[in-house]
Amino acid sequence: MPNQEGDKSQDPTPHRRRQAREQGQVAKSQDLGSAVLLIVGLLCLMVLGGELIDHLGRFSRRQLGGDPWLSADVDHAVATSRGMLTDMARYLLPIMGLLLLGAIAVNVLQIGFLFLPEKLAPDITRLDPIKGCQRLFALSNLVKLLFGIVKILIIASVAFLSLYGERDTILNLTDLEVPQIALYLVDILFWTTLKVGLALLILAILDYAFQRWKHEQDIKMTPQEVREELKNLEGNPQVRARRRQVQRQLALNRLSEAIPKADVVITNPTELSIAIQYDPKTMAAPVVAAKGAGVIAQRIRRLALEHGVPIVENKPLAQALYREVEIDHPIPEDKYAAVAEVLAYVYQLKGKDIPNLPDAAA
């Protein structure tokens, strides 16, 4: 039987997941970002590369041909360099911007928005040679090494098959003109690289699935860790029991003060008890002085008997008041008639004058 304290058999709790995320422990594939950037870069070159190539051609003809420079002072060099940088930025910045957006998007899709500035601080413990050797020969690193070898073999196979299919055209390149050779080489390099990028993307998706599985296994918890977390989040069981005991005592003390002042207790008859108090001089409407179910309801009835507070059984009214009215809150207008009837009955039993109730006025 596995050790109950060391066997990570429990699914991670939300607190454990949040804690792992705050520590930077998330499922992420570096290869996925590389593959997406490669494909995005190729697509950007396919769409925007034509203008860049035309600009580079014009720039080469302008620099290598035409009249020679007759002046080479600092001002002329600065002006020429500024013009070159401005022209290059006009064509390169859109491509670089799209690459930046692609890099941000692929990382956000993997781990969401996560900012951990403490990870930028130097970690002296990583300089420990013993731990470094342990990390070097760890099982995870061996898996990464095997995956890297498989990745190289697959990429090499894809590139070889792509070029092997063009072997006849490649062998006959000598029959073409130089511009035609250049266009063909650009075309075959683009499509070969795109195929390699798609192969990398498939491998990266598999790697990301493995990283998610491994992350779930790493953050699983032992039964002891689950118990410790519950204890830390909810407090010590003895402290919780003591807190509940104090709360019950405070509630009972409040009942001891509220019930003697009540005019009537309306019951369910055994499950619910609601104490009603009404003073026409200070209250606009009757209020619920106390209410309770189960043990609290029994306590209310006992206190009512001890202090001579009338107890009236009215199941529908008791259920409605218990459900709809909070303690120290007035009863709603739609319950005036029913409560007024009960209070009138109680005042009649005591031989007192019936006060001008809100319902009676209505």
Side-chain angles (χ1 to χ4, degrees), residues 28-115 120 151-152 154-156 158-163 165-166 169-170 172-205 207-208:
K28 180 182 178 182
S29 173
Q30 298 290 347
D31 294 333
L32 185 59
S34 302
V36 171
L37 284 182
L38 177 59
I39 295 176
V40 171
L42 289 173
L43 295 178
C44 290
L45 289 177
M46 183 175 66
V47 176
L48 304 175
E51 295 182 357
L52 177 62
I53 293 175
D54 291 341
H55 170 72
L56 291 176
R58 293 192 302 270
F59 176 78
S60 300
R61 289 193 297 269
R62 186 169 61 251
Q63 297 298 321
L64 299 178
D67 298 331
W69 291 355
L70 300 178
S71 61
D73 56 3
V74 175
D75 294 337
H76 181 270
V78 170
T80 303
S81 300
R82 184 182 295 114
M84 292 168 51
L85 292 176
T86 302
D87 293 338
M88 289 298 295
R90 185 185 309 163
Y91 299 100
L92 288 179
L93 285 181
I95 297 176
M96 296 176 65
L98 291 174
L99 289 175
L100 178 61
L101 292 177
I104 295 174
V106 71
N107 282 280
V108 170
L109 290 176
Q110 287 189 84
I111 62 175
F113 292 97
L114 185 61
F115 181 63
L120 300 176
K151 183 170 61 175
I152 292 174
I154 293 176
I155 292 173
V158 171
F160 173 77
L161 293 175
S162 177
L163 295 176
E166 300 287 335
T169 306
I170 294 175
N172 295 323
L173 284 178
T174 55
D175 299 334
L176 301 177
E177 298 293 335
V178 174
Q180 294 175 328
I181 295 176
L183 291 175
Y184 175 76
L185 290 178
V186 170
D187 183 71
I188 192 174
L189 286 175
F190 173 82
W191 289 110
T192 301
T193 307
L194 183 60
K195 293 175 183 177
V196 170
L198 293 175
L200 278 175
L201 180 62
I202 296 174
L203 293 174
I205 293 174
D207 178 61
Y208 178 66

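Here the structure is a predicted model, which means the values were calculated and not measured.
The environment of Met96 atom CE is sparse: at most 12 non-hydrogen atoms of other residues, nucleotides or ligands sit within 6.0 angstrom. The number of heavy-atom neighbours closer than 6.0 Å to CD of Glu166, taken from other residues, nucleotides and ligands shown, is above 12.
A pairwise comparison of heavy atoms in Thr192 and Ala159 identifies CG2-CA, 4.1 Å as the closest pair. Between Ala35 and Ala204, the shortest heavy-atom contact is CB-CB, 4.3 Å. The nearest pair of heavy atoms linking Ala199 to Val158 is CB-CG2, 4.0 Å.
Distance check: Leu52 CG to Met88 CE gives 5.5 Å after rounding to the nearest 0.5 Å. Interatomic distance, Leu200 CG to Ser34 OG, rounded to the nearest 0.5 Å: 8.0 Å. For the atom pair CD1 (Ile53) and CG (Leu48), the distance works out to 11.5 Å, reported to the nearest 0.5 Å. Taken from CD1 in Ile188 to CG in Leu183, the straight-line distance is 13.5 Å, to the nearest 0.5 Å. Once rounded to the nearest 0.5 Å, the distance linking CG of Asp31 with CD1 of Ile202 reads 13.5 Å. With values rounded to the nearest 0.5 angstrom, Leu98 atom CG is found 6.5 Å from Leu101 atom CG.
Residues Leu45 and Ile95 have side chains in contact (heavy-atom distance under 4.5 Å, counting atoms from C-beta outward).
Checking each of Leu38, Ile39, Val40 against Val36 for a side-chain contact (heavy atoms from CB on, under 4.5 Å) leaves exactly one that passes, namely Val40. Checked against Leu42 for a side-chain contact (heavy atoms from CB on, under 4.5 Å), the options Leu198, Leu194, Val196 give a single hit: Leu194.
The backbone N or O of Ser29 sits less than 3.5 Å from a side-chain atom of Gln110, completing a donor-acceptor pair. Using modelled atom types, one side-chain atom of Thr86 and one backbone atom of Arg82 make a donor-acceptor pair closer than 3.5 Å.
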Inset, instruction - List the steps and the verdict of side-chain contact (heavy atoms from CB on, under 4.5 Å) for Asn107 and Lys28. - result: CA-CA 8 Å; Asn107 282 280; Lys28 180 182 178 182; 3.0 Å; yes
Inset, instruction - Could you go through the side-chain contact (heavy atoms from CB on, under 4.5 Å) check for Leu185 and Leu173 one step at a time? - result: CA-CA 10 Å; Leu185 290 178; Leu173 284 178; 4.2 Å; yes
